[in-house]
Amino acid sequence: MAEIEVDLGGIVGAVAARARAMTPEFDPGGFLEGLSRQLQGLIPHDRVTVLYLDEGGRTVSVFAEHTSGDAPRHDGRYTLSLARASRYPIAEVVSSCVFAGQAELVRDAQSDARCMAGTAVLGVAQAGLRAWMALPLMGVERVIGALIVGNTAPDVYTEAHLATGRQIADVIGPVIESIVLVHTERRRRQRLRVVPEVARVLGTSLNVAEIFDRLAAAVRPVLDFDLMATYLLESDGMKRWLLLAEGPPVRGDERFEDFSFAARLLAGEPVLMRECESELDLVNPTDRTILEDGIRSFIAVPLIFGDKVGALLAFAKRQPEWFDLSDLEVVEEIAQHVVVAIQHQRLAEEQRRLAIAEERAQQLERRVQRLHGALREQYGFGRILGQAPSLREALERAAQVAPQETPVLLTGESGTGKELVAQAIHYASRRADGPCVAINCAALPETLIESELFGHERGAFTGADKQKPGRFELAAGGTLFLDEVGELAASVQVKLLRVLQEHEFQRVGGTATLKADFRLIVATNRNLTDAMARGHFREDLYYRLSVFPIHLPPLRERGDDVVLLALEFVRRLGERMGKGEPGLSRDARELLVTYPWPGNIRELQNAIERALIVSDAGLITAAQLGLTRPRLPSGEASPPGVPPPRVANQDAAAATLQELERHAIVDALAKAKGNKTAAAAALGITRMQLYTKLRQLGPSQ
């Protein structure tokens, strides 16, 4: 007996050492393997298993098992599994007397009457064991599991072995309970850390089905379920919404008030049913529908608004003993976030819009991060071509003001690139992560421009069948670019001035005051000073907008920049149109430099595109540009420093696009000696496209 006590002391030390070294990566199998080596000299065995009893005392899971050769037999039923473990009913694995605190000794399963009657440990014989001991594991306050030691040979164990086993069980019981409790607490904290994320995906919408559809997807990482349901308490009773995770649809026509557990929920008490067959009232026909739908366990919690139950939230599983108290805690945490979300949406409609925007922003966050650098490159100052001193000075001023919140006024003729500079300012600012919203004030009539800027409520005017956010809202956190601001009607100018002064506004037809959070950049091709003198533009608004004016020079004042831009358009458009990069002839370059460009960069791009259409894959000529110099008034000479254009074919330069196409087609057909396939190839189009153009040009061709 002294020798046994010494060995037991060694086991106590080994168990204590392993318990002290327990980490989040604790391996129950390794723990039991070490115990098995210590135990072998005291109790010879081929297999040792530790079962853990759940807190309800009705099911068990496998804490650990060890055998010298056989593979584990309990996949998916381990106590410390990260996933939800399936559990064994007690009757399938151990006789009830063991969890009542009594040890059980079976010397030979083939002759033991208890095994024949099914009152001893079940399932052990299938592992090839002839003899075993089932020893209760005592925790601090209750039996927390069982230690089963077995041997493939009969008549191995005696009462002395049983007494030794009980001493060992008494040693490891509190240790195993501590390990499970620590693991359970870690898992609980881990799951609860995820729960607040549920609130982030809740869109604050009065469409309940929409809310809980998103909620179902958010809950799944922390709570496995087959069905989620919610009931909203309304004036005419309970309205049921069902969302299925899988399987056939369930009936939804029964009244919630008729369930036997409804009164508990309406009183504010959560309901956890582990086994519906034994816990529901089968006499109640409404309760029976749950079982008929295949539900075997569920959790339901009330959603309390103030001091009143306003809705219910439930999760169900088609497997018994699935949910436990830790799941109930998670559902109660989720319910609190749902309550906050619903209260939020009912009290603040604006917060609903912001929550939806936040949800969408989260979904697009990775994409935005990937594209953010590309956007800065695409719309940055480096993408604005030109070396003219006047342009470089304007861009330097734009780069200086970009990091500030100062309003910017961009002036210059139409087509000089004001919107491009506005985008560059935005992407170089602290608001680059926000939207850059643009609107052309001259493109909309006075009756619509106010709605576009401020937004409108449903029913604000004829045709306003739904609420619409305005550009002020859409630009929140970013930049608003108002192009052609000089075209704003006087009534809209007054309201814009108020927004700039008060930093708040109201939708058309609305009463809620919304915050204006955007950086303003405006542009105009008009002389606002003259407009003020004529009374067409408010002086106070002008001084609000022109804090930092930047003038963009016209293309005719930028010298050789026109050729630089033309070559870029040839490259970009040629690649898109399948024409390669044909280049510019000498006469085309001379025409580009001497032409006055009343339409500026926009006109230049159109001219290059037109030339590429009619080009035959050679150098672009002056004739193909199709530019017609504006006629000067009688007696006037060309502007100083601008010589008259040297164009190889003056008539072709004045030709219309259709005439140029006709000329190009006739020339190609002549060179191909009437062969339409060859002519189409020379023109860079298909044979069918050539036939289409011939029909459009008329029978003369």
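Throughout, numbering of the chain's residues begins at 1 and tracks the sequence.
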*Asks:* Is Q605 close to I601 at the side-chain level, that is, under 4.5 Å between some pair of heavy atoms?
*Replies:* no

*Asks:* Go through it in stages, so that I can follow the logic: the residues are L555 and L565, the test is side chain to side chain contact (heavy atoms under 4.5 Å, CB included), and I'd like the CA-CA distance, side-chain angles, deciding distance and then a yes or no.
*Replies:* CA-CA 10 Å; L555 190 55; L565 290 167; 3.7 Å; yes

*Asks:* Taking atom CZ of R392 as the centre, does the number of heavy atoms from other residues, nucleotides or ligands within less than 6.0 Å exceed 12?
*Replies:* yes

*Asks:* What's the spacing between E452 CD and K468 NZ if we round to 0.5 Å?
*Replies:*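 Here the interatomic distance stands at 3.5 Å.
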
*Asks:* Salt bridge between E504 and K515, side-chain N to carboxylate O under 4.0 Å?
*Replies:*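 Looking at K515 together with E504, the answer is yes, because their closest N to O distance falls below 4.0 Å.
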
*Asks:* Apply side chain to side chain contact (heavy atoms under 4.5 Å, CB included) to L409 and T524, showing your working.
*Replies:* CA-CA 8 Å; L409 171 63; T524 181; 4.2 Å; yes

*Asks:* Before giving the answer on side chain to side chain contact (heavy atoms under 4.5 Å, CB included), spell out for I439 and I449 the whole-Å C-alpha distance, their side-chain angles and the decisive distance to 0.1 Å.
*Replies:* CA-CA 9 Å; I439 183 172; I449 188 66; 3.7 Å; yes

*Asks:* Closest approach of V219 and F225, non-hydrogen atoms and distance?
*Replies:*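 Nearest heavy atoms, V219 then F225: CG1-CE2, 4.1 Å.
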
*Asks:* Quick check on E269: does its CD atom have over 12 non-hydrogen neighbours (other residues, nucleotides or ligands) under 6.0 Å away?
*Replies:*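 For E269, atom CD is crowded (more than 12 foreign heavy atoms under 6.0 Å).
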
*Asks:* For P270 and V301, work out which heavy atoms get closest and say how close.
*Replies:*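 Smallest interatomic distance, heavy atoms only, reads CB-CG1, 3.9 Å.
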
*Asks:* Any side-chain heavy atom of E450 sitting closer than 4.5 Å to one from H456?
*Replies:*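 Answer no - side chains too far apart.
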
*Asks:* Students often mix this up, so state it plainly: with edges at 30° and 60°, are the rings of F472 and F518 parallel, tilted or perpendicular?
*Replies:* parallel

*Asks:* State whether a side-chain donor-acceptor pair under 3.5 Å links R602 with S414.
*Replies:* yes

*Asks:* Would you call R507 and E473 a salt bridge, using N to O less than 4.0 angstrom?
*Replies:* yes

*Asks:* Please assess R576 against E609 for the test salt bridge (charged side-chain N to carboxylate O under 4.0 Å, His left out), listing each intermediate value before the final yes or no.
*Replies:* CA-CA 10 Å; R576 190 183 70 188; E609 184 171 3; 3.6 Å; yes

*Asks:* Taking the side chain as every heavy atom from C-beta outward, state whether V522 and F481 have any atom pair closer than 4.5 Å.
*Replies:*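 Side-chain contact under 4.5 Å: no.
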
*Asks:* In plain terms, say whether E484 and R526 are close enough for a salt bridge, that is, a side-chain N and a carboxylate O under 4.0 Å apart.
*Replies:*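 No, E484 and R526 are not salt-bridged.
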
*Asks:* Between E568 and R572, is the closest basic N to carboxylate O distance under 4.0 Å?
*Replies:* yes

*Asks:* Taking the side chain as every heavy atom from C-beta outward, state whether L604 and F569 have any pair of such atoms under 4.5 Å apart.
*Replies:* yes

*Asks:* Taking atom types as modelled and ignoring hydrogens, do the side chains of E413 and N600 form a donor-acceptor contact shorter than 3.5 angstrom?
*Replies:* yes

*Asks:* Would you mind reporting whether L395 and I384 have side-chain heavy atoms less than 4.5 Å apart?
*Replies:*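 Yes - at least one pair of side-chain heavy atoms lies under 4.5 Å apart.
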
*Asks:* For the residue pair I620 and A588, what are the closest heavy atoms and their distance?
*Replies:* O-CB, 3.4 Å

*Asks:* Any chance you could lay out the salt bridge (charged side-chain N to carboxylate O under 4.0 Å, His left out) test for R431 and D517, step after step, and finish with the verdict?
*Replies:* CA-CA 10 Å; R431 293 177 173 264; D517 177 24; 2.8 Å; yes

*Asks:* Within the 4.5 Å heavy-atom criterion, are L480 and I521 side-chain neighbours or not?
*Replies:*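 No, side chains not in contact.
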
*Asks:* Please step through side chain to side chain contact (heavy atoms under 4.5 Å, CB included) for the pair V408 and V547, ending with a clear verdict.
*Replies:* CA-CA 6 Å; V408 177; V547 178; over 6 Å; no

*Asks:* Within a radius of less than 6.0 Å around CG of D560, do more than 12 heavy atoms belonging to other residues, nucleotides or ligands occur?
*Replies:* no

*Asks:* Would you indicate whether the side-chain heavy atoms of D530 and F537 approach each other to under 4.5 Å?
*Replies:*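 No, their side chains stay 4.5 Å or more apart.
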
*Asks:* So, do R498 and F505 sit near enough that their side-chain heavy atoms are less than 4.5 Å apart?
*Replies:*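 Contact flag for R498/F505 side chains = no.
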
